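Computed from a predicted model, the values in this text were never measured in an experiment. Lettering of chains follows the sequences in order, A, B, ..., and the numbering in each one begins at 1. Hydrogens, waters and symmetry mates are skipped; everything else that's a heavy atom, side chains included, is used.
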Protein chains: 2
Amino acid sequence: MRIGELAQMGQCTEQTVRYYEKKGLLPAAARTEANYRIYDSAHVERLRFIRNCRALDMTHEEIRGLLDLMEQPASDCGGVNGLLDEHIAHVDARITELAALKRQLAGLRERCQSNQAVNECGILEGLASMETEPRRAPQSHLG
Amino acid sequence: MRIGELAQMGQCTEQTVRYYEKKGLLPAAARTEANYRIYDSAHVERLRFIRNCRALDMTHEEIRGLLDLMEQPASDCGGVNGLLDEHIAHVDARITELAALKRQLAGLRERCQSNQAVNECGILEGLASMETEPRRAPQSHLG
DNA sequence: TTCACACCTTGAAGCTACTATAGGGTCAAG
DNA sequence: CTTGACCCTATAGTAGCTTCAAGGTGTGAA
Ligand SMILES: [Zn+2]
Ligand SMILES: [Zn+2]
Ligand SMILES: [Zn+2]
Ligand SMILES: [Zn+2]
């Protein structure tokens, strides 16, 4: 199978497949005489695994961690479980952050109910007078 | 005031201030003979406004929108209100996405309660057998 | 005077996970 | 023999910075 078909199986573009190869998530493919990449079902499985992890918003590093752990099929899966737990914590942390943000934004929105002149808009006043806090390190890779 | 002090007022680094200037969020500063940037209280206000917007996870484009609207102080503030409403919608959309993600991850996590061999871990099985869905366009600039 | 040291300058590269573009090569069908 | 679908590489762009490299400036102390 060539790259177009593989990409279809993984619900992604051919560029993305090449990108994964470059980044080492997918192994370098064998080539035909015409220098076309050729793949088999193992590649399909691996690509689908990667895409499923991406659908869950894992980073490449997290995915690489899982793929590495899978290389020792007989070893204990505690690392896998731990990695997933950490990622769930990333999602939780971001949800918490966004909930706080939403409260702040709702409070700001209340400061202007009806349209008025820009220089009297309570929202802009609020944005100007907020206390500027130092940007804290992100708790999560989820933007 | 020089760039170091301004950066401190805005709770950011000097590089960030230069970056904002390059991107047009801050106007180009006047210079001393030694080519040092010099700022006054108007710059402090504008930088703090920008940093407060960033603390609310607005994009540079959204911030630029607000700054542009502020240039006509006598005009109607409907644009400001609308811009904030849109951003609140961005936050809401991302919270909804992450909640769905969290449910999916929780379901996956249940598939392996105790440690076992990697090749029998229910989490990895789940990740391998999920239906790979095409990546849908992001509803929100919040990752 | 000369040194150290804090502050400032520019430009380029790195980060994530792709996406898009340019400019070409391969291959089967009509 | 040309068209069109497919493939290749390399480069640049996206957001919002951070980090690095290599230097200029200004002040206080030895
Ligand atoms: Zn994670
Ligand atoms: Zn208003
Ligand atoms: Zn927004
Ligand atoms: Zn397990």
| field | Qualifying residues under salt bridge (charged side-chain N to carboxylate O under 4.0 Å, His left out), relative to B:Arg48, sequence neighbours excluded | value | none

| said: Which residues pass the salt bridge (charged side-chain N to carboxylate O under 4.0 Å, His left out) test with B:Asp85, not counting sequence neighbours? | reply: A:Arg109

| request: To the nearest 0.5 Å, tell me how far B:Leu101 CG sits from A:Met58 CE. | output: 9.0 Å

| said: If I take atom CG from residue A:Leu25 and atom CZ from residue A:Arg54, how far apart are they, to the nearest 0.5 angstrom? | reply: 9.5 Å

| Span of DNA chain D in contact with chain A (heavy atoms, under 4.0 Å) | D:dC6 to D:dT9

| query | Does any donor atom in the side chain of A:Tyr20 or A:Arg51 lie under 3.5 Å from an acceptor atom in the other side chain? | reply | yes

| query | So what does B:Thr59 hit on the nucleic acid, given a heavy-atom distance under 4.0 Å: a base, only sugar-phosphate, or nothing? | reply | sugar-phosphate

| task | Before giving the answer on side chain to side chain contact (heavy atoms under 4.5 Å, CB included), spell out for B:Val80 and B:Leu84 the whole-Å C-alpha distance, their side-chain angles and the decisive distance to 0.1 Å. | result | CA-CA 6 Å; B:Val80 172; B:Leu84 196 74; 5.7 Å; no

| query | Looking at A:Arg2 and A:Asp40, does any basic side-chain N land under 4.0 Å from a carboxylate oxygen? | reply | no

| Residues B:Arg37, B:Glu21: salt bridge by 4.0 Å N-O rule | yes

| remark: chain A reaches DNA chain C, atoms under 4.0 Å from its heavy atoms, from C:dA17 to C:dC27

| DNA chain D: 5'-proximal contact among B:Glu33 and B:His141 (nearest heavy atom) | B:His141

| remark: Across all chains, not counting sequence neighbours, the side chain to side chain contact (heavy atoms under 4.5 Å, CB included) partners of A:Ala34 are A:Thr32, A:Tyr36

| task | Go through residues 36-52 of chain B and report each residue with a non-hydrogen atom lying under 4.0 Å from DNA chain C, sorted by number. | result | B:Tyr36, B:Arg37

| What are the residues of residues 12-31 of chain B, sorted by number, that bring a heavy atom to within less than 4.0 Å of DNA chain C? | B:Glu14, B:Arg18, B:Arg31

| Side-chain donor or acceptor of B:Arg94 paired with backbone N/O of B:Ser140 under 3.5 Å | no

| Could you go step by step and tell me if A:Gln11 and B:Arg135 meet the side chain to side chain contact (heavy atoms under 4.5 Å, CB included) rule? | CA-CA 7 Å; A:Gln11 297 286 6; B:Arg135 201 79 155 150; over 6 Å; no

Scan the side chains in residues 60-68 of chain A for donor-acceptor partners under 3.5 Å anywhere in the protein, sequence neighbours excluded, and list what turns up.
| from | atom 1 | to | atom 2 | distance (Å) |
| --- | --- | --- | --- | --- |
| A:Glu62 | OE1 | A:Thr59 | N | 2.8 |
| A:Glu62 | OE1 | A:His87 | ND1 | 3.3 |
| A:Glu62 | OE1 | A:His141 | NE2 | 3.3 |
| A:Glu62 | OE2 | A:His87 | ND1 | 3.4 |
| A:Glu62 | OE2 | A:His90 | ND1 | 2.9 |
| A:Glu62 | OE2 | A:His141 | NE2 | 3.3 |
| A:Arg64 | NH1 | A:Lys23 | O | 2.8 |

Under 3.5 Å, which donor-acceptor pairs link side chains of residues 121-132 of chain B to any protein atom two or more places apart or in another chain?
| from | atom 1 | to | atom 2 | distance (Å) |
| --- | --- | --- | --- | --- |
| B:Ser129 | OG | B:Glu125 | O | 2.9 |
| B:Thr132 | OG1 | A:Asn52 | OD1 | 3.0 |

Without placing hydrogens or testing angles, list every side-chain donor-acceptor pair under 3.5 Å for residues 71-79 of chain B, not counting sequence neighbours.
| from | atom 1 | to | atom 2 | distance (Å) |
| --- | --- | --- | --- | --- |
| B:Ser75 | OG | B:Gln72 | O | 2.9 |
| B:Asp76 | OD1 | A:Asn115 | ND2 | 3.0 |
| B:Asp76 | OD1 | B:Gly78 | N | 2.6 |

| message | Angle between the two end axes of the helix from C:dT1-D:dA30 to C:dG30-D:dC1, five base pairs per end, rounded to 10 degrees? | response | 40°

| query | What pairs with B:Tyr39 under ring-ring contact (aromatic ring centres under 6.0 Å, His included), at least two apart in sequence or on another chain? | reply | B:His43

